[in-house]
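For reference, the structure discussed in these notes is given below.
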Amino acid sequence: MRPATVVVAAGRPTAVPDAPLNAPVHFASALAAGGPVGYAREDQQNSAALEQALGRLEGGEAVVFASGMAAISAVLDVCAPGSVAAPPVAYSGSRAVLRSRVDRTGLRLEHPRDAHAWRLAGQQCDLLWLESPTNPDLQIIDLAAVCVGAAAVTVVDNTFATPLAQRPLELGADIVVHSVSKFLSGHSDLILGAVVTKDPGMAARFRRHRGLYGAIPGPMESWLALRGLRTLDVRLRRASDNAAILADRLSRHPDVAETIWPGLPDHPGHEVAERQMALQCPVICFRPRGGPDAAEAVCTRTALWRHATSLGGVESTLERRRKWPMESDLVPADLIRLSVGIEDVEDLWEDLVTALEGR
Ligand SMILES: *Cc1c(COP(=O)(O)O)cnc(C)c1O
């Protein structure tokens, strides 16, 4: 089955007469004795159905967690690296967790800046933490070039691309992590994370970690995430098409100093992104003329675009990333991150231009 079919068909209950097509929500903690599970902190029917779908999409075994950050922390606990290489800019939560381990456990952390430095880190570090495109600045890393032949454990945060655009395990990565809270669930209504790996022993260790530390998602969240996943292909395609139009128009607007989108031919990672991704990600960054205050004003002036953090929902959102103290100071203070939704692109453009031109 192709990915657009997998998102619809995977993780459904067996077809028996008059059974529902979709699994009901199984609200349960205690389970009758004698089975392989015993207690719902260990495993849970709704999370298992979501794991089937995510595992098939990424080409491995998925273990879901109560949040993307719980999944990321589980990877660092289970792999217990003494040294990690991570991009100079990556998701602020991942950077904060890595930095806290530098302080607490003496983890050695380095930030490769080009392909050569990444290849070197692949031989010298215990673990490579990879993100492509990076959050928020949309830099592209050639995943196959870094992962194939690396001695380190290679981990890819695939939240921005989703498995419909990019399958890191096929590009040589050992582990994929997701914030399912974003595009995969797609409606800005839940927090959930996932780890996927081809190595069954590793998957079992993630499962044991989850049972022990208690980060299994609730049944309602897993059910909603699987329901959201059903429309991933149509949502992502529509949002990506919208993003292509908006990025092109922003890049030619006189009030915009810079537009960053890997789908644009002048992006430094454009060639790799075109080769590595089946679809361009519906996140765009741009810097309006007039500095951080002007950028903040744009965010507060939109009506249709919601001024909000997070991304990946059907509704379009925007924010100036540096308003958060946790964001890297390598991110320009006037950079606005757009999460493009599935609305009519002309309404999105009109609203954005009105905010940009200050009317
Ligand atoms: C949001 C996000 C996370 C964290 O996920 P949560 O579900 O919010 O815990 C991790 N990585 C990336 C790239 C993200 O955008």
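Start at 1 and go down the list; that is how both ligands and their atoms are numbered.
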Geometry only, no angles: is [X] polar-contacting ligand 1 at N/O separations under 3.5 Å?
{"X": "I191", "answer": "no"}
{"X": "G68", "answer": "yes"}
{"X": "E131", "answer": "no"}
{"X": "D157", "answer": "yes"}
{"X": "S94", "answer": "no"}

- Got a salt bridge between E58 and R167, using NZ or NE/NH1/NH2 to carboxylate O under 4.0 Å? no

- Item | Electrostatic pair E296:R321 at N-O distance under 4.0 angstrom | no

Would one find more than 12 heavy atoms of other residues, nucleotides or ligands at under 6.0 Å from atom [atom1] of [X]?
{"X": "E258", "atom1": "CD", "result": "yes"}
{"X": "L330", "atom1": "CG", "result": "yes"}
{"X": "R306", "atom1": "CZ", "result": "no"}

- Query: Counting from 1, what ligand 1 atoms have a heavy atom of L192 closer than 4.0 Å?
  - Reply: 7 (O)

- Query: At a 4.0 Å threshold, what atoms of ligand 1 neighbour a non-hydrogen atom of I72?
  - Reply: 10 (C)

Which residue supplies the protein heavy atom nearest to [atom], what is that atom called, and how far is it?
{"atom": "atom 3 (C) of ligand 1", "result": "Y91 CE2, 3.3 Å"}
{"atom": "atom 7 (O) of ligand 1", "result": "S181 OG, 2.6 Å"}
{"atom": "atom 1 (C) of ligand 1", "result": "K182 NZ, 1.4 Å"}
{"atom": "atom 8 (O) of ligand 1", "result": "S179 OG, 4.0 Å"}

- Apply side-chain contact (heavy atoms from CB on, under 4.5 Å) to R207 and E42, showing your working. CA-CA 8 Å; R207 232 172 256 291; E42 298 296 331; over 6 Å; no

- Any non-hydrogen atom of T134 lying under 4.0 Å from ligand 1? no

- Query: Judged by non-hydrogen atoms, does V177 sit under 4.0 Å from ligand 1?
  - Reply: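 Outside the 4.0 Å threshold, so no.
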
- Would L236 and F183 count as a side-chain contact (heavy atoms from CB on, under 4.5 Å) if you check the C-alpha gap in whole Å, the side-chain angles of each, and the deciding distance to 0.1 Å? CA-CA 8 Å; L236 208 61; F183 292 104; 3.8 Å; yes

- Apply side-chain contact (heavy atoms from CB on, under 4.5 Å) to L98 and L76, showing your working. CA-CA 9 Å; L98 286 170; L76 293 174; 3.9 Å; yes

- Message: Evaluate L318 against R337 for side-chain contact (heavy atoms from CB on, under 4.5 Å), listing each step before the verdict.
- Response: CA-CA 6 Å; L318 84 176; R337 185 184 68 190; over 6 Å; no

